[in-house]
Amino acid sequence: MKIQNAVDMAATAARGLPLSAGTVKTGRALVCCAIMGLGLGGASAMAAPTVNGGTISWPDDGWYQVQDAQTFTSLCQGGSSCDVAPGRYIVINHGTGQRFENVIVTAGNTEGVTVDGLLIRWPDDGWYQVQDATTFESLCEGGRSCQVSAGKYLVVNHTTGERFENIVVESASNGGGDGPGDNELPPPQVPELDDPFALPLPLPNPADPFGSLLEVDDEQPVAGGPPTQPKHLRLDLVSNNWAEISWAPANDDGEVVQYTLYRSDGVTYEIRGDQTDPASGSQNEIDKYWLTTSFIDCNYTRFDDRLHRCGVNTPVPGETYTYEITATDDEGQESVASEPLTITYLKNRNAPVPLYDDLYKGADDRFVQNHDLSAVPYWLDEFDLVFSDEFNEDSLDADKWQTRLVWGDNRIVNREQQYLVDIQAYPDFGYDPFTFTGESIIINAIPVPEELEEKLPSVCEEGDPADPAPCQFLSGALSSHDRFQFVYGYTEGRFKVSGTPGALSSFYLYHRYAGTGVNYHAPEIDIVEYLGENPFGAPDAFQTYHFGDPNTGITRSAPTMSHAKPGGGTYADDGEWHTFGVLWEPQLVVWYIDGIEVKRLFGPQVSRQPMNIVNYLVAGSGWAPTPDLSDETLFPIQLEADYIRVYQREAFKGTAYFGR
């Protein structure tokens with residue numbers, strides 16, 4: 001299939017010209033969508049759409065689509081503006097993946113006035129007043145914003161005489177940080193299954209929970225013939241716009257040199273062991289696909305505009321595709337295609353999850369199918385609090401936390417540049433990274449003082465000279481390993497993430513033991529990673545999932561998913577509090593920010609092993625730029641936590657472990 005450059009496609013669509021044969025269309029939706037990849041360079045944060053009367057306009061920086069926020073009906077595609085009726089809309093820049101989810105169009109002209117959760121904002125072009133639209137009571141005067149409850153408002157610019165009528169405020173989900181309350185949400189809508197009478201998906205083999213034994217093909221090749229048919233083409237994980245699949249290596253009397261993956265809409269991918277890419281992250285992914293006979297359709301983090309052209313080929317949320325794969329040998333002979341695999345990608349929010357059986361789930365457990373999981377208040381009443389730290393004391397609770405990660409001082413991961421001071425093991429180290437306000441805990445990162453350099457471990461003198469210099473900063477970590485661990489539940493933390501350039505605020509679930517043999521899995525669920533300064537793109541919050549391949553030990557990672565702050569700005573703006581959470585169920589992970597679903601994934605490679613909680617502050621790494629040591633105003637870099645909590649359903653409470 002001819003692959004057309006995503007930028008050219010967007011421009012073609014915007015001009016209303018015919019699309020070339022290389023453009024894939026599904027229904028009325030042009031498939032040219034991609035989320036900006038990390039590590040590949042990219043543009044800085046894009047400008048937001050603007051509203052002028054009944055017209056939504058946007059900058060010339062991508063291919064846009066306007067959807068009704070309630071029905072998700074597509075109203076406009078391409079062009080530079082869209083005329084709509086009063087209401088609430090979603091505007092998507094498919095060139096970057098940026099979503100603007102609370103675009104309000106009212107009966108009047110509201111240019112310059114925006115709604116961000118329960119916050120009404122306006123530009124610095126006059127003296128403003130906010131009034132209740134029913135009683136005309138004055139709520140705010142002057143300033144640049146006004147915090148209100150859900151309702152309708154009148155905003156008046158007394159300097160110019162402009163009146164902005166019928167300003168609708170619907171929920172706090174876009175920026176208050178405390179998440180929505182029950183009275184701020186529409187009624188829950190339980191998603192309907194495509195086939196409610198379908199039999200459940202079969203449970204994984206208890207003797208082979210992660211598919212290790214499916215990587216074997218017992219068929220012998222025919223001398224001089226093509227490779228054997230690839231076996232066990234299967235789904236590992238599926239999300240909104242990517243899926244990870246695996247298959248057993250084919251056999252050949254010579255050598256298999258290529259696998260070709262065919263997608264039912266005409267997209268094809270070539271997977272080879274001799275493919276190269278100048279970007280190390282992309283090259284590692286290429287090698288990983290070949291060594292593990294797996295593939296991600298489509299890993300926009302690594303291949304947005306290169307090799308697999310994810311900017312053009314990314315699957316469409318909610319769409320169904322069928323896949324087949326073949327093997328080709330060193331004589332150019334192509335095998336018979338595998339048995340087909342059909343994958344339905346998850347909708348962007350509140351996607352239906354098919355019935356499935358699982359080793360950890362009762363046969364009659366329909367919690368996932370019977371609930372709207374798009375907002376935490378819809379379902380949290382079925383969970384009980386099993387672990388919490390409100391950080392209201394003046395010291396750390398040693399029954400809940402350790403101040404070291406599971407590998408201690410023996411490893412530097414991700415080329416990170418901070419040394420995590422284990423204040424429990426070394427109380428006389430000379431620097432304590434933790435401070436307490438009586439209501440929260442703050443992790444503080446500073447440059448290593450000269451007098452403490454001799455106390456750094458030997459690992460700080462090792463490593464690749466080409467990597468960022470290690471142990472340039474002192475910081476702290478909280479880990480619940482050997483104190484608290486669990487299998488399945490909802491984990492939530494309330495944080496002020498750091499906006500300092502070079503900071504990475506990190507909150508995740510991590511395995512205590514990786515497992516062995518067919519049970520090796522080494523899972524990690526990144527609840528949030530937030531870069532104070534993102535050199536690769538927009539200032540989004542990131543979510544990721546990692547697991548270990550049981551046959552090779554190679555870590556397999558999801559594309560780095562991201563979510564922009566609705567209404568614009570960053571999650572570190574003005575010292576705002578935000579909640580970050582993850583619902584971890586058998587074969588399902590759902591991520592939340594401020595109580596609202598932002599991403600989810602489903603499949604048999606979701607962690608089944610006990611996990612513990614980790615929260616720490618990175619200062620410089622292979623991802624985060626090195627903080628400027630010469631700028632004293634940057635320090636201390638701070639990450640503040642108000643609380644960390646874990647909830648579980650009754651079915652899984654027996655997995656919780658407490659102890660020292």
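This one's a predicted model, so the numbers in the text were calculated from it and none came from an experiment.
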Hey, does [Y] have a side-chain heavy atom less than 4.5 Å from the side chain of [X]?
X: Ile90; Y: Arg99; result: yes
X: Ile527; Y: Trp584; result: no
X: Gln543; Y: Val598; result: yes
X: Arg512; Y: Met611; result: no
X: Trp247; Y: Glu215; result: no
X: Tyr571; Y: Val528; result: no
X: Pro586; Y: Tyr488; result: yes
X: Tyr300; Y: Pro559; result: yes

Phe383 and Phe367 aromatic centres sub-6.0 Å: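 Aromatic pair counts; centres sit under 6.0 Å.
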CA sep, side-chain torsions, deciding dist, call: Ile644, Phe507, side chain to side chain contact (heavy atoms under 4.5 Å, CB included): CA-CA 10 Å; Ile644 293 175; Phe507 179 45; 4.1 Å; yes
NZ/NE/NH1/NH2 to OD/OE distance under 4.0 Å, [X] and [Y]:
X: Arg649; Y: Asp365; answer: yes
X: Arg608; Y: Asp358; answer: yes
X: Lys361; Y: Glu585; answer: no
X: Glu576; Y: Lys496; answer: no

Test side chain to side chain donor-acceptor pair (under 3.5 Å) applied to Gln67 and Thr73, step by step: CA-CA 5 Å; Gln67 298 177 350; Thr73 301; over 6 Å; no
Should the heavy atoms of other residues, nucleotides or ligands under 6.0 Å from [atom1] of [X] be counted, would the total exceed 12?
X: Tyr426; atom1: OH; result: no
X: Glu439; atom1: CD; result: no
X: Lys347; atom1: NZ; result: no
X: Asp194; atom1: CG; result: no
X: Glu390; atom1: CD; result: yes

Which of parallel (below 30°), tilted (30 to 60°) and perpendicular (above 60°) describes [X] and [Y]?
X: Phe542; Y: Trp623; answer: tilted
X: Tyr510; Y: Tyr508; answer: perpendicular
X: Tyr490; Y: Tyr592; answer: perpendicular
X: Trp401; Y: Phe391; answer: parallel

Stepwise side chain to side chain contact (heavy atoms under 4.5 Å, CB included) check, Asp236 with Ile245: CA-CA 5 Å; Asp236 289 325; Ile245 61 178; 5.6 Å; no
Stepwise side chain to side chain contact (heavy atoms under 4.5 Å, CB included) test for Ile296 and Tyr289: CA-CA 8 Å; Ile296 294 177; Tyr289 292 161; 3.5 Å; yes
Steps toward side chain to side chain donor-acceptor pair (under 3.5 Å) verdict (Glu492, Tyr647): CA-CA 9 Å; Glu492 180 181 276; Tyr647 304 79; 5.2 Å; no
Measuring from atom [atom1] of [X] to atom [atom2] of [Y], what distance do you get when rounded to the nearest 0.5 angstrom?
X: Trp242; Y: Cys310; atom1: CH2; atom2: SG; value: 12.5 Å
X: Glu640; Y: Thr435; atom1: CD; atom2: OG1; value: 8.0 Å
X: Ser338; Y: His232; atom1: OG; atom2: NE2; value: 11.5 Å
X: Asn612; Y: Ser479; atom1: CG; atom2: OG; value: 4.5 Å
X: Leu396; Y: Gln402; atom1: CG; atom2: CD; value: 10.5 Å
X: Glu382; Y: Gln648; atom1: CD; atom2: CD; value: 14.5 Å

From CA spacing to verdict: side chain to side chain donor-acceptor pair (under 3.5 Å), Thr555, His546: CA-CA 7 Å; Thr555 298; His546 312 270; over 6 Å; no
Donor on one side chain, acceptor on other, His511 and Gln485, under 3.5 Å: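 Per modelled atom types, His511 and Gln485 side chains form no pair under 3.5 Å.
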Check against salt bridge (Lys or Arg N to Asp or Glu O under 4.0 Å), Lys653 and Asp384: CA-CA 9 Å; Lys653 285 183 182 178; Asp384 292 322; 2.4 Å; yes
Tyr89/Phe100 under ring pair (Phe, Tyr, Trp, His ring centres under 6.0 Å): CA gap, chis, key distance, verdict: CA-CA 8 Å; Tyr89 298 89; Phe100 306 88; over 10 Å; no
[X] (side chain) donor-acceptor with [Y] (main chain) under 3.5 angstrom:
X: Asn551; Y: Ser212; value: yes
X: Gln609; Y: Ala514; value: yes
X: His481; Y: Val614; value: no
X: Thr491; Y: Gly581; value: no
X: Gln369; Y: Pro354; value: yes
X: Asp372; Y: Pro188; value: no

Verdict with reasoning, Thr403 to Asp422, per side chain to side chain donor-acceptor pair (under 3.5 Å): CA-CA 5 Å; Thr403 55; Asp422 184 358; 2.6 Å; yes
Ser294/Arg556 under side chain to side chain contact (heavy atoms under 4.5 Å, CB included): CA gap, chis, key distance, verdict: CA-CA 9 Å; Ser294 66; Arg556 293 165 58 177; 3.4 Å; yes
Pair Arg645-Asp389, salt bridge (Lys or Arg N to Asp or Glu O under 4.0 Å): steps then yes or no: CA-CA 7 Å; Arg645 301 169 181 163; Asp389 198 332; over 6 Å; no
Cation-pi check, Arg263 onto Tyr321 ring (under 6.0 Å, within 45° of axis):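 Yes, cation above the ring, under 6.0 Å and within 45°.
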